[in-house]
Amino acid sequence: QVQLVESGGGLVQAGGSLRLSCATSGFIFSNYAMGWFRQAPGKEREFVAVINWNGARTSYVDSVKGRFTISRDNAKSTVYLQMNVLKPEDTAVYYCAANQGYGVYRSTETYDYWGQGTQVTVSS
């Protein structure tokens with residue numbers, strides 16, 4: 001049974017930091033690119049960051065470059081998103097997702113598995 005479980009969300013003031021984790025099971029984690037997406041109320045789900053299978057390649061949406069860092073630990077089958085200098089516009093439900101490919105992928109349609117999401121709220 002495939003599982004992706006996000007954690008680490010919460011309420012933080014603008015300028016603060018959070019570290020999201022996504023623990024996975026039920027598939028061969030090291031064969032998958034891992035992405036983070038987010039969805040704010042009334043908006044479509046959007047790409048945030050992706051990391052390839054071995055961590056050698058990453059890609060970010062422009063709005064988080066320099067503030068967010070994606071990383072992975074294949075031994076723990078876990079992907080992380082370190083979020084610094086948070087802004088109110090970062091408020092959203094954050095989802096991790098797995099793509100059975102060896103590149104980096106930004107489109108939601110290319111992902112095979114999804115977590116349930118974790119809420120991040122940034123107050124001004």
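Sequential numbering from 1 along the given sequence is applied to the chain's residues. Atoms considered below: every heavy atom in the structure, side chains included; atoms not considered: hydrogens, waters and symmetry mates.
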Using modelled atom types and a 3.5 Å cut-off, is there a donor and acceptor pairing between side-chain atoms of Y60 and backbone atoms of I70? yes

Shortest non-hydrogen pair, T110 vs N99, comes out as O-ND2, 2.9 Å

Could you report the tightest heavy-atom contact between Y111 and G35, atom names first, then the distance? CE2-N, 3.7 Å

Under a single-linkage definition using a 4.5 Å side-chain heavy-atom cutoff for Ile, Leu, Val, Met, Phe, Trp and Tyr, are V48 and L86 assigned to the same hydrophobic cluster? yes

Would you please name every residue forming a salt bridge (Lys or Arg N to Asp or Glu O under 4.0 Å) with K43, sequence neighbours left out? none

Within the side chain of N52, is there an N or O that forms a donor-acceptor pair under 3.5 Å with the backbone of R57? yes

Rounded distance [0.5 Å steps], CZ in F37 versus CG in L81: 12.0 Å

Output every pair passing salt bridge (charged side-chain N to carboxylate O under 4.0 Å, His left out) with a member in residues 95-124, not counting sequence neighbours, ordered by first then second residue. none

Kindly work out whether a path of hydrophobic side-chain contacts (I/L/V/M/F/W/Y, heavy atoms less than 4.5 Å apart) joins Y105 to V2. yes

With sequence neighbours excluded, what pairs up with R67 under the salt bridge (Lys or Arg N to Asp or Glu O under 4.0 Å) test? D90

Quick check for you: to the nearest 0.5 Å, what is the distance between T78 atom OG1 and L4 atom CG? 10.0 Å

Suppose we screen for salt bridge (Lys or Arg N to Asp or Glu O under 4.0 Å). Which residues come up paired with E89, at least two apart in sequence or across chains? none

Whether E6 side chain and C96 backbone form a donor-acceptor pair below 3.5 Å: yes

Under 3.5 Å, is there a donor-acceptor pair between the side chain of Y95 and the main chain of Q39? no

What is the ring orientation for F68 with Y94, classed by angle as parallel under 30°, tilted 30 to 60°, or perpendicular over 60°? tilted

What distance do Y102 atom OH and N54 atom CG have between them, rounded to the nearest 0.5 Å? 10.0 Å

Determine yes or no for a side-chain-to-main-chain donor-acceptor pair under 3.5 angstrom, with N74 supplying the side chain and W53 the backbone. yes

Are there more than 12 heavy atoms of other residues, nucleotides or ligands under 6.0 Å from atom CD1 of I28? no

Quick one: side-chain hydrogen bond (donor to acceptor under 3.5 Å, both in side chains) pairs with a partner in residues 12-28, sequence neighbours left out? S17-N84

Between M83 and V64, does the side chain to side chain contact (heavy atoms under 4.5 Å, CB included) criterion hold? Intermediate values first, please. CA-CA 8 Å; M83 305 187 296; V64 309; over 6 Å; no

Are V104 and F29 co-members of a hydrophobic cluster defined by side-chain heavy atoms under 4.5 Å apart? yes

Any pair with a residue in residues 113-124 that passes side-chain hydrogen bond (donor to acceptor under 3.5 Å, both in side chains), sequence neighbours left out, goes on the list, sorted by first then second residue, please. Q119-T121

Once rounded to the nearest 0.5 Å, what's the spacing between atom CZ of R38 and atom CZ of F47? 10.5 Å

Only one of T91, L11, L20 passes side-chain contact (heavy atoms from CB on, under 4.5 Å) with V120; say which it is. L20

